[in-house]
There are 2 protein chains.
Amino acid sequence: MKRQITIKDIAIKLGLSTSTVSRALKDHPDISPKTRTAVKELAGLLGYRPNRIALNLRNNSTRTIGLIIPEIEHYFFSAIINGIEEIAYKNDYSVMVFQSNESYKREVINTQAVLTNRVDGVLVSFSKETSDFSHFQKLIDNEIPVVFFDRTTEELPADQVVADDYQGAFMAVNHLIEKGCRRIAHFAAPQNLQIGKSRLSGYHDALLKHNIHFRHDLVHLADTYDSAKKTAHDILRRPEAPDGFFAVNDMSAIAIIKAARELGKRVPEDIKVVGFENSKSAAISEPELTTVDQFGFDLGREACLMLLKRLKSTDETDFKPVKKVIKTKLVVRSST
Amino acid sequence: MKRQITIKDIAIKLGLSTSTVSRALKDHPDISPKTRTAVKELAGLLGYRPNRIALNLRNNSTRTIGLIIPEIEHYFFSAIINGIEEIAYKNDYSVMVFQSNESYKREVINTQAVLTNRVDGVLVSFSKETSDFSHFQKLIDNEIPVVFFDRTTEELPADQVVADDYQGAFMAVNHLIEKGCRRIAHFAAPQNLQIGKSRLSGYHDALLKHNIHFRHDLVHLADTYDSAKKTAHDILRRPEAPDGFFAVNDMSAIAIIKAARELGKRVPEDIKVVGFENSKSAAISEPELTTVDQFGFDLGREACLMLLKRLKSTDETDFKPVKKVIKTKLVVRSST
DNA sequence: ATTTGAATTGCAAACGATTGAAATAAATAA
DNA sequence: TTATTTATTTCAATCGTTTGCAATTCAAAT
């Protein structure tokens with residue numbers, strides 16, 4: 001690579017010391033106006049830009065945020081990245097992205113990678129497989145601020161940003177009931193994830209409110225398009241098929257609609273379906289999908305803001321983890 | 001932040017010099033087996049990990065790739081990032097992501113950011129607004145290898161990876177004609193983008209092959225959901241409405257289907273629609289969308305591999321830009 | 001006991017920028 | 001003229017690691 005212009009080059013050309021040049025560039029009062037302008041002029045002429053790596057070493061900081069995320073391809077996560085990048089950009093931070101691909105093993109390697117890269121802080125949404133958190137604890141032990149978002153845990157002393165999953169689920173199921181559904185199935189996420197638990201619990205309580213009996217055989221683990229489609233096919237063929245579905249994400253909800261159509265059932269006449277996410281796909285599905293907006297962009301923003309706040313505050317004494325909940329919103333469309 | 005364990009800590013604890021420790025850690029033959037094991041043992045015990053920043057400074061390399069991309073939220077781009085990250089991960093590189101949000105101004109700032117961050121190489125898909133490329137030329141002037149993907153230009157001496165847009169468009173339109181369409185409209189991307197030109201030209205030549213007259217009034221600039229929906233509404237109400245549509249991406253295609261349905265036209269009976277991308281949405285739209293698969297994941301992989309190859313080869317003499325074309329594939333579904 | 005050579009280990013400079021302290025130059029006061 | 005400020009500038013160390021070269025140790029050969 002071409003050698004970059006350094007402070008030394010300027011110093012030599014001007015017959016000065018590097019210290020003087022350094023100070024001149026940052027308007028130190030000790031430097032005479034004459035040399036200051038001379039230095040700045042030459043710096044501009046040569047296209048000098050400070051070597052960030054050298055600064056990183058000296059300041060022991062990289063102005064870089066590590067992002068560990070399951071899968072970029074999911075609309076929700078890409079919306080979150082969007083929000084994160086927005087805030088990072090405004091605050092002159094850069095974002096390094098590491099995908100876990102929903103693999104615990106890879107996620108552990110990712111945590112090592114953020115350590116190696118000496119990022120200033122880390123944003124994490126962990127994989128479905130993750131139930132042991134010691135790799136994140138290691139980050140915290142290294143005093144690297146960590147903020148969890150969406151997929152979070154209470155087991156670690158770290159900040160969290162989550163959508164109001166419980167409320168969203170409650171609203172969704174409540175809506176289904178008000179639309180006349182009585183046998184409502186729930187396609188759930190794994191229960192090691194807090195979001196899985198919260199949404200199930202919102203589902204449960206909404207039934208309770210309307211005195212509808214909670215039945216375990218109406219709850220299925222199905223949080224991907226394929227698994228949801230398969231499960232929906234099975235259930236819808238049963239004699240007492242559900243008349244309503246609450247899916248843990250939009251892709252599962254759309255799979256349910258697809259399965260219903262394939263079996264000659266009409267949506268929303270025969271069965272009603274509500275998703276969770278408010279992805280682009282929800283808006284274009286046929287019929288358009290009623291769903292709970294998770295505001296991924298805002299969630300990303302908030303997570304990043306929270307991390308930046310930690311990076312600014314240097315007093316590490318009496319650390320109190322903060323949990324921020326982003327309100328969700330029911331978006332009613334024609335699938336209900 | 002907590003002070004990290006350094007080579008110096010180990011040296012002092014063992015009464016050695018930093019040089020010896022450094023060499024011991026990398027199995028330098030000069031070091032006696034005894035000290036080598038002692039050093040390694042202590043290093044493991046203390047959880048020593050080399051300070052990447054210091055190495056960056058010494059080696060003038062960051063093992064980091066800069067990625068400048070319009071919008072992460074588009075399925076196609078997130079698929080590409082996925083491919084890029086996969087290759088980067090396997091080769092122990094990290095990826096810094098910068099979004100231009102389709103803004104030329106922001107893109108220019110992004111190029112400065114990758115310079116500041118001293119990335120080893122840059123992957124770029126530029127914004128719709130970009131027609132001046134001097135900010136990328138600046139990267140090249142700094143001898144930072146640049147690989148363009150998807151949105152590329154011939155104006156710069158840089159590697160490129162593109163989908164076979166011409167062939168994809170040709171296949172798509174040919175397919176429409178074979179299915180009986182005669183008045184085929186094309187919803188195009190801006191013509192400052194090579195992909196816009198290539199796809200239009202594929203459209204043009206497929207018509208030509210079947211002796212169908214090319215008509216300018218059937219070509220519209222509409223490459224977003226909203227613009228496509230609006231345009232489709234207008235066109236479909238005309239007396240001689242098209243019987244087939246070839247859209248430059250899936251979102252536009254889906255918008256056309258939506259508009260058709262709203263006007264009481266049936267797809268594929270009254271009009272047939274083909275998209276470009278093969279996004280998740282294409283598979284779930286109703287009817288399912290016939291589209292051209294761009295293989296974004298592979299495209300990302302190839303772009304990253306190409307960049308890594310440049311990073312390895314140090315001989316910068318007689319640089320010959322390479323252009324790699326990823327074959328596209330027509331995925332026929334029920335919209336045609 | 002001295003030389004030779006091999007095997008180990010340490011010194012010091014380098015990467016680029018910053019910064020406290022010291023040094024020099026210029027200006028003012030005694 | 002000399003002492004004393006004050007204004008500028010330079011020195012040198014630092015951040016953590018690597019590496020050419022010099023230095024040391026130690027055993028074998030003479």
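Convention: sequence-line order gives letters A, B, ...; per-chain numbering from 1.
If you check every strand for non-hydrogen atoms under 4.0 Å, A:Leu16 touches sugar and phosphate atoms only. Among the heavy atoms of the strands lying under 4.0 Å from A:Thr6 are primed sugar atoms or P, OP1, OP2 only; no base atom is included.
Between B:Leu57 atom CG and C:dC15 atom C1' there is a gap of 4 Å when expressed in whole angstrom units. Here D:dT18 presents its C1' atom at 10 Å from OH of B:Tyr48, a figure rounded to the nearest Å. C:dA12 atom P lies 17 Å from atom CZ of B:Arg58, rounded to whole Å. A straight line from CG of A:Asp30 to P of D:dC11 spans 16 Å, rounded to a whole angstrom. Rounded to a whole Å, the CG atom of B:Leu55 is 15 Å from the P atom of C:dG16. In this entry the distance linking CD1 of B:Ile5 with P of D:dC15 reads 14 Å, nearest Å. As rounded to whole Å, 14 Å separates atom P of D:dT25 from atom NZ of B:Lys34. If you take NE2 of A:His28 and P of D:dT8, they are 12 Å apart, rounded to a whole angstrom.
A:Glu41 and A:Arg36 are not joined by a salt bridge, as no carboxylate oxygen comes within less than 4.0 angstrom of a charged side-chain nitrogen.
With B:Arg151 contributing its side chain and B:Phe126 its backbone, the two residues share a donor-acceptor pair below 3.5 Å.
For the residue pair A:Asn110 and A:Ser100, no side-chain donor N or O sits within less than 3.5 Å of a side-chain acceptor on the partner. With no hydrogens or angles considered, no side-chain donor-acceptor pair links A:Ser61 and A:Asn59 at under 3.5 Å.
When the side-chain nitrogen and oxygen atoms of A:Thr18 are compared with OP1 and OP2 of C:dA17, none of them lie within a distance under 4.0 Å. An OP1 or OP2 oxygen of C:dT8 is reached within less than 4.0 angstrom by no side-chain nitrogen or oxygen of B:Ser32. An OP1 or OP2 oxygen of D:dT17 is reached within less than 4.0 angstrom by no side-chain nitrogen or oxygen of B:Lys8. Between B:Ser17 and the phosphate of C:dG10, there is a side-chain N or O to OP1/OP2 separation shorter than 4.0 Å.
Under 3.5 Å, the side chain of B:Ser19 and the base of C:dC11 form at least one donor-acceptor pair of N or O atoms. Put simply, the side chain of A:Arg49 and the base of C:dG16 share no donor and acceptor less than 3.5 Å apart. Between the side chain of B:Arg23 and the base of C:dG10, at least one donor-acceptor pair of N or O atoms lies under 3.5 Å.
Taking the ring centroids of A:Tyr75 and B:Tyr75, they lie at or beyond the 6.0 Å cut-off.
Judged by closest nucleotide on DNA chain C, B:Arg36 is the one of B:Arg36 and B:Asn59 placed further toward the 5' end.
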